[in-house]
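Counting starts at 1 for both ligands and their atoms, following the listed order. This is a predicted model, so every value here is computed, not measured.
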Amino acid sequence: MTALALCASELRYRRLFEAARDGILIVDPSTRKIIDVNPYLVEFLGYAYEDFIGKELFEIGLLRDGAASQAAFRELQTSGHIRYDDLPLQTKDGRRVEVEFVSNLYDEGGQQVIQCNIRDISVRKKAEAVQSDAKEQRSKRNAELEGLVGLRTTELRLSNTQLQTFVYSIAHDLRAPLRAMQGFSQLLVQDHSDNLAPEGRGYANFISTAAQTMDRMLGDLLAFSRVSQQKLELVPVELAVVIQSALAACGTEIGERGAQMETLPPWPVVLAHEATLQQVLVNLISNAVKFVSSGAPRVRIHAEDRADGFVRIWVEDNGIGIPSEFQERIFQVFQRLHTTAYAGTGIGLAIVQKGVERMGGRVGLESAPGTGSKFWIDLTKAPLPSIPPTRRKGIP
Ligand code: ADP
């Protein structure tokens, strides 16, 4: 390099050194003393240029002691490079600032020199601190909210249980006076109708019919309360057996309506509470044979294994169907779509949903007006129980 080129290069280096927006220190490795410092670092730390010259950095701003500084020099001599992502410095007016510190050992034509680059990261650090503060606050608030939700859930559960107990005891206690009304109105109709004018006989009949309806409603309410509250132990239940029992329980309705019942094996084994499952199936089957506008009801019952570990049991009918906007609502207590044409209490499907939920399953349906309904329940598939095959009763 010519003397002129060397001079130009030196000038370029100088301009960079003077204009840099990072602090730069030049240190003599043999004495560890600062021999040059750029204007940015002078201004950043608030000392005069002369204050730096001939000092070690820990004597002017670095918040580390001499021993740590010596260790850093030894490392620099060995590896030629050191870097700290987070080093504390102190300005002349006592402010603590965080810097990123990179130090390199260079050989300049046989003479060694250390160049340290110092970048102010206080703003980034502050932002990080604010962020972590906010995060801490958020997680504290979340923990508080979770606690509150837990408390409210416990309170709700408690009041729900109290409410269910209350419903149960009301339904139970109302039955006794109701039975008296039912019995005496029937006695009036049967034994004293001669003494009554036709109008009076009509009234006595109304009382008797209303009392019977109310008795059915109370009976269903009691059944709903029982399904909601009783302890259910889930065991492997053979669908073949429980479907047969449900069909037998609906025998009178099936016979009266001339319903054609089709049951399609195979029947897997599910995890369930047998009495509850039977009640669920009875409710679905009796609806399937009931909600038909004309002709004989045709009902198909079958089950399918699903990939998610559930068995889906279908009860399908050729009845009047249910518009999609009512398909959620009908599972609520006392919700009935067809109040005049078909008898009922509006609790059957609420029992179905509650019972299936309590057995860890889910319910649903596919239906449209005029095309029949396909109700389904999902229950967890279970391994076959170890009952000798001869003792198993099944349906074909
Ligand atoms: P209930 O049968 O005593 O009226 P449910 O709770 O069993 O009460 O059913 C609620 C309502 O849902 C019924 O009143 C009826 O309107 C409708 N529903 C239930 N099952 C069927 C079905 N298979 N086909 C058509 N409508 C049905």
So if I count the atoms of ligand 1 from 1 in the order they appear, which ones are less than 4.0 Å from some heavy atom of [X]?
| X | result |
| --- | --- |
| Thr345 | 3 (O) |
| Ile347 | 6 (O), 8 (O) |
| Gln335 | 10 (C), 11 (C) |
| Lys290 | 1 (P), 2 (O), 3 (O) |
| Ser373 | 24 (N) |

key: CG on Asp220 to CG on Asn283, rounded to 0.5 Å   =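 One finds 7.5 Å between CG of Asn283 and CG of Asp220.
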Salt bridge present between [X] and [Y] (N-O < 4.0 angstrom):
| X | Y | value |
| --- | --- | --- |
| Glu18 | Arg15 | no |
| Arg95 | Asp120 | no |
| Arg124 | Asp86 | no |
| Asp28 | Lys33 | no |

message = Please tell me whether Ser69 and Glu59 have a donor and an acceptor in their side chains that are separated by less than 3.5 angstrom.
response =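 No - no donor-acceptor pair under 3.5 Å links their side chains.
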Tell me the protein heavy atom at minimum distance from [atom], and give that distance in Å.
| atom | value |
| --- | --- |
| atom 4 (O) of ligand 1 | Arg336 NE, 2.8 Å |
| atom 16 (O) of ligand 1 | His338 ND1, 2.7 Å |
| atom 20 (N) of ligand 1 | Asn287 ND2, 3.3 Å |
| atom 6 (O) of ligand 1 | Leu349 N, 2.8 Å |
| atom 13 (C) of ligand 1 | Phe291 CZ, 3.4 Å |
| atom 8 (O) of ligand 1 | Gly346 CA, 3.2 Å |

query = Side chain, backbone, both or neither: which part of Phe326 has a heavy atom under 4.0 Å from ligand 1?
reply =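 Neither; no heavy atom under 4.0 Å.
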What about [X]: any of its N or O atoms under 3.5 Å from an N or O on ligand 1?
| X | value |
| --- | --- |
| Ala343 | no |
| Leu337 | yes |
| Gly344 | no |
| Gly348 | yes |

ask   = Taking all non-hydrogen atoms of both residues, which atom of Leu222 and which atom of Arg175 are closest, and how far apart?
value =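 Distance-wise, the nearest heavy atoms are CD1-NH1, 3.8 Å.
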inquiry  = Show the nearest heavy-atom pair for residues Pro88 and Leu62, with the distance to one decimal.
reply    =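 Reported closest heavy-atom pair: O-CD1, 3.7 Å.
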key: Flag, side chain of Asp51 to backbone of Ala48, donor-acceptor distance under 3.5 Å   =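 Checked: pair present.
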inquiry  = Out of the candidates Leu284, Asn287, Ile285, Val352, only one should pair with Phe375 under the side chain to side chain contact (heavy atoms under 4.5 Å, CB included) rule; please name it.
reply    =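 Of the listed options, the one satisfying the test is Leu284.
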inquiry  = Parallel, tilted or perpendicular, judged at 30° and 60°: which one describes the rings of Phe52 and Tyr47?
reply    =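 Judged by the thresholds at 30° and 60°, the geometry between Phe52 and Tyr47 is perpendicular.
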message = In terms of relative ring orientation, are His302 and Trp314 parallel, tilted or perpendicular, with 30° and 60° separating the classes?
response =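 Correct class here is parallel.
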Compute the minimum heavy-atom distance from [X] to ligand 1 and say whether it is under 4.0 Å.
| X | result |
| --- | --- |
| Gly319 | no |
| Tyr342 | no |
| Asn283 | no |

Heavy-atom proximity to atom 12 (O) of ligand 1, best of Ile330, Ile285, Leu365, Asp317 =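 Residue with the shortest heavy-atom distance to the ligand atom: Ile330.
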